[in-house]
Amino acid sequence: MSFSSDVKNELVKNETEKNCCKKSMLYGMALFSKSFSFDGIAFQTENEGAAFIFRQMLVEQLAINFKIKVSPSGRSFTIAIKNPDKCRKLLGYFGHSKSDTSLKINFSNFDCPECYNAFLAGAFLACGTISAPEREYHLEYIVSYLNLSKSLITLLQELELEPKLTKRKGYNVVYFKDSEAIEDCLYIMGASSSMFDMMNVKIVKDIRNSANRRANCETANIEKTVRAAMPQIEAIIKIKKKMGFDSLSEPLREMAVMRLDNPDVSLSELALMFDPPLSRSGANHRLNRLIKIAEEL
């Protein structure tokens with residue numbers, strides 16, 4: 001089951017005692033259906049629970065009852081209202097008339113702050129999707145009408161959210177890509193469990209990314225150390241083959257042996273291995289002396 005399905009399952013299970021909020025939720029589901037006009041209304045979804053609750057609210061609030069049509073694959077559920085009188089009854093219930101020049105949200109349907117939340121949940125059940133947070137952060141509403149998508153943006157902005165708008169395959173897509181904005185949207189709609197699931201995934205991803213960055217940094221430091229040590233080791237091996245370590249002074253002979261035995265440690269770490277420890281500049285001076293001797297051979 002997808003994360004989007006989990007969110008919708010959570011939304012359809014939410015219950016409210018306020019009739020105004022029930023009306024707002026039905027309004028969101030109807031308005032953002034595949035079609036919403038006096039010629040016909042078609043609510044189509046892949047979530048059986050969403051189809052059931054849409055039909056249930058039609059019966060409770062408008063005494064309109066229709067069968068849920070199931071696709072041959074069993075993955076799509078549709079409630080289609082084609083009767084002109086019933087279309088007129090439903091649109092009139094939400095304050096829409098044939099004289100409207102374009103389809104927009106009728107804000108007069110909202111009687112309390114929670115109505116906005118219920119409406120947004122209904123809209124998501126009708127046309128919303130959300131990606132699994134393990135893969136990417138993306139929540140969107142796919143809207144059939146341009147002015148309606150702009151009206152949705154206005155509503156979301158009133159709820160202190162900042163969505164973006166794009167066009168895809170003839171549809172208007174209102175979307176979020178910021179994880180915190182998506183979390184806020186889920187909470188407003190009433191999908192708090194899904195919000196916490198997303199936050200947990202984000203925490204795990206942040207820890208994993210931090211560990212990867214640390215590992216990459218350590219690997220880069222090791223490679224840098226090895227690259228810096230290579231000329232020193234090549235010089236020491238040359239001295240050993242050409243003249244031997246016995247010809248070196250005690251401090252240089254000690255440094256030559258120490259560096260050969262520890263080719264992958266940094267200069268600072270190498271300096272601390274001596275007894276008594278050397279300063280970093282002291283260790284660097286001895287190694288430069290060895291490189292100069294090798295160059296003169």
- Message: Would you say the ring centers of Phe119 and Phe110 fall short of 6.0 Å from each other?
- Response: yes
- Query: With a cut-off of 6.0 Å (strictly less than), are more than 12 heavy atoms of other residues, nucleotides or ligands near CD of Glu296?
  - Reply: yes
- Message: Which heavy atom of Ala181 sits nearest to which heavy atom of Leu161, and what is that distance?
- Response: O-CD2, 3.9 Å
- Inter-residue atom distance Glu183.CD - Ile188.CD1, 0.5 Å rounding: 12.0 Å
- Hey, any chance Leu139 and Tyr175 share a hydrophobic cluster, counting ILVMFWY side chains that come within less than 4.5 Å of each other, even indirectly? no
- Note on the structure: Of all heavy-atom pairs linking Cys87 and Phe38, the shortest is CB-O, 3.7 Å
- salt bridge (Lys or Arg N to Asp or Glu O under 4.0 Å) between Glu295 and Lys292: does it pass, once the steps are laid out? CA-CA 5 Å; Glu295 289 174 348; Lys292 188 175 181 179; over 6 Å; no
- Scanning both residues in full, the closest heavy-atom pair of Tyr141 with Cys185 reads OH-SG, 3.7 Å
- Would you say the side chain of Leu58 lies within less than 4.5 Å of the side chain of Asn65, judging by non-hydrogen atoms? no
- Query: Taking all non-hydrogen atoms of both residues, which atom of Pro231 and which atom of Ile291 are closest, and how far apart?
  - Reply: O-CG1, 4.3 Å
- Task: Applying side chain to side chain contact (heavy atoms under 4.5 Å, CB included), run through Lys202 and Glu180 and close with a yes or a no.
- Result: CA-CA 10 Å; Lys202 190 168 75 168; Glu180 292 184 4; 4.0 Å; yes
- Message: Rounded to the nearest 0.5 Å, what separates atom CG in Leu11 from atom OG in Ser193?
- Response: 10.5 Å
- Query: Is it true that Arg168 and Glu140 make a salt bridge, defined as a side-chain N closer than 4.0 Å to a carboxylate O?
  - Reply: yes
- Query: Would you say the side chain of Leu156 lies within less than 4.5 Å of the side chain of Glu162, judging by non-hydrogen atoms?
  - Reply: no
- Query: Under a single-linkage definition using a 4.5 Å side-chain heavy-atom cutoff for Ile, Leu, Val, Met, Phe, Trp and Tyr, are Met57 and Leu62 assigned to the same hydrophobic cluster?
  - Reply: yes
- Item | Any donor-acceptor N or O pair under 3.5 Å, side chains Ser151, Thr154 | no
- Query: Is there side-chain contact between Ile236 and Phe245, with heavy atoms separated by less than 4.5 Å?
  - Reply: yes
Which side-chain N or O atoms in residues 66-74 pair as donor and acceptor under 3.5 Å with protein atoms at least two apart or in another chain?
residue: Ser71; atom: OG; partner: Ser73; partner atom: OG; Å: 3.2
residue: Ser71; atom: OG; partner: Gly74; partner atom: N; Å: 3.4
residue: Ser71; atom: OG; partner: Arg75; partner atom: N; Å: 3.4
residue: Ser71; atom: OG; partner: Ser76; partner atom: N; Å: 3.1
residue: Ser73; atom: OG; partner: Arg75; partner atom: N; Å: 3.4

- Task: Check whether any side-chain heavy atom of Gln44 sits under 4.5 Å from a side-chain heavy atom of Ile79, and report yes or no.
- Result: no
- Task: Apply side chain to side chain contact (heavy atoms under 4.5 Å, CB included) to the pair Leu290 and Ile239, showing each step before the final yes or no.
- Result: CA-CA 8 Å; Leu290 288 169; Ile239 292 171; 4.0 Å; yes
- Ring-face cation of Arg286 near Phe274 (centre distance under 6.0 Å, axis angle within 45°): yes
- Sequence neighbours left out, what pairs pass salt bridge (charged side-chain N to carboxylate O under 4.0 Å, His left out) with at least one residue falling in residues 84-102? Asp85-Arg88
- Message: Testing Phe32, Tyr171, Phe43 one by one against Cys127 for a side-chain contact (heavy atoms from CB on, under 4.5 Å), which residue passes?
- Response: Phe32
- Message: Would you say Asn106 and Ser108 are linked by a side-chain donor-acceptor pair, where the criterion is simply a distance under 3.5 Å?
- Response: yes
- Between CD on residue Gln61 and CG on residue Leu90, distance to nearest 0.5 Å: 9.5 Å
- Message: Measuring from atom OG of Ser247 to atom CG of Leu252, what distance do you get when rounded to the nearest 0.5 angstrom?
- Response: 9.5 Å
- Query: With a 4.5 Å limit on heavy-atom distance, are the side chains of Leu120 and Asn117 in contact?
  - Reply: no
- Item | Modelled atom types, side-chain donor and acceptor of Ser266 and Glu269, under 3.5 Å | yes
- Does CD belonging to Glu250 count more than 12 external heavy atoms closer than 6.0 Å? yes
- Item | Nearest heavy atoms of Leu270 and Met258, plus distance in Å | CD1-CG, 3.5 Å
- Give me the one residue out of Leu152, Val174, Val143, Val173 that meets side-chain contact (heavy atoms from CB on, under 4.5 Å) with Leu165. Val174
- Please tell me if the side chains of Leu125 and Thr45 come closer than 4.5 Å, counting only heavy atoms from C-beta onward. no
- Message: Counting only heavy atoms not in Lys22 (residues, nucleotides, ligands), do more than 12 fall under 6.0 Å from its NZ?
- Response: yes
- Message: Using a strict threshold of under 4.0 Å (side-chain N to carboxylate O), is an ion pair present between Lys13 and Glu10?
- Response: no
- Task: Under the side chain to side chain contact (heavy atoms under 4.5 Å, CB included) rule, what do Asn200 and Val204 come out as? Steps first, then yes or no, please.
- Result: CA-CA 6 Å; Asn200 288 335; Val204 172; 5.7 Å; no
- Ile293 vs Met243 side-chain heavy atoms within contact, under 4.5 Å: yes
- Query: Around atom NZ of Lys177, are there more than 12 heavy atoms of other residues, nucleotides or ligands at under 6.0 Å?
  - Reply: yes
- Listed partners of Phe176 passing ring pair (Phe, Tyr, Trp, His ring centres under 6.0 Å), at least two apart: none
- Just wondering, more than 12 heavy atoms not from Arg289 lying within 6.0 Å of its CZ? no
- Item | Heavy atoms from other residues, nucleotides or ligands near CD of Glu136 exceed 12 (cutoff 6.0 Å) | yes
- Message: Looking at Tyr187, I want to see if its OH is surrounded by more than 12 non-hydrogen atoms of other residues, nucleotides or ligands under 6.0 Å.
- Response: no
- Note on the structure: On a heavy-atom basis, the closest approach of Lys18 and Cys112 is NZ-SG, 3.9 Å
- Note on the structure: Taken to the nearest 0.5 Å, the spacing of Lys240 NZ from Asp246 CG works out to 11.0 Å
- Rounded to the nearest 0.5 Å, what's the gap from CG on Leu278 to CE on Met273? Could you check? 12.0 Å
- Message: Test side chain to side chain contact (heavy atoms under 4.5 Å, CB included) on Leu186 and Met198; report intermediate values, then the result.
- Response: CA-CA 10 Å; Leu186 289 172; Met198 179 174 172; 4.1 Å; yes
- Message: Can you tell me if Glu48 has over 12 outside heavy atoms packed within less than 6.0 Å of its CD?
- Response: no
- Message: Would you say the rings of His96 and Phe36 are close, in the sense that their centroids are separated by under 6.0 Å?
- Response: yes
- Close side-chain approach of Lys104 and Leu148, heavy atoms under 4.5 Å: no
- Hydrophobic cluster membership, Ile142 vs Tyr145, 4.5 Å side-chain cutoff: no
- Do side-chain atoms of Thr78 reach the backbone of Ala80 as a donor and acceptor pair under 3.5 angstrom? no
- Query: For the hydrophobic clusters of this structure (ILVMFWY residues joined by side-chain heavy atoms under 4.5 Å, transitively), does one cluster hold both Phe52 and Val7?
  - Reply: no
- Hey, any chance Phe107 and Tyr27 share a hydrophobic cluster, counting ILVMFWY side chains that come within less than 4.5 Å of each other, even indirectly? yes
- Query: Checking salt bridge (Lys or Arg N to Asp or Glu O under 4.0 Å) for the pair Glu46/Lys8: CA distance, chi angles, key distance, verdict?
  - Reply: CA-CA 10 Å; Glu46 294 181 353; Lys8 291 184 178 182; over 6 Å; no
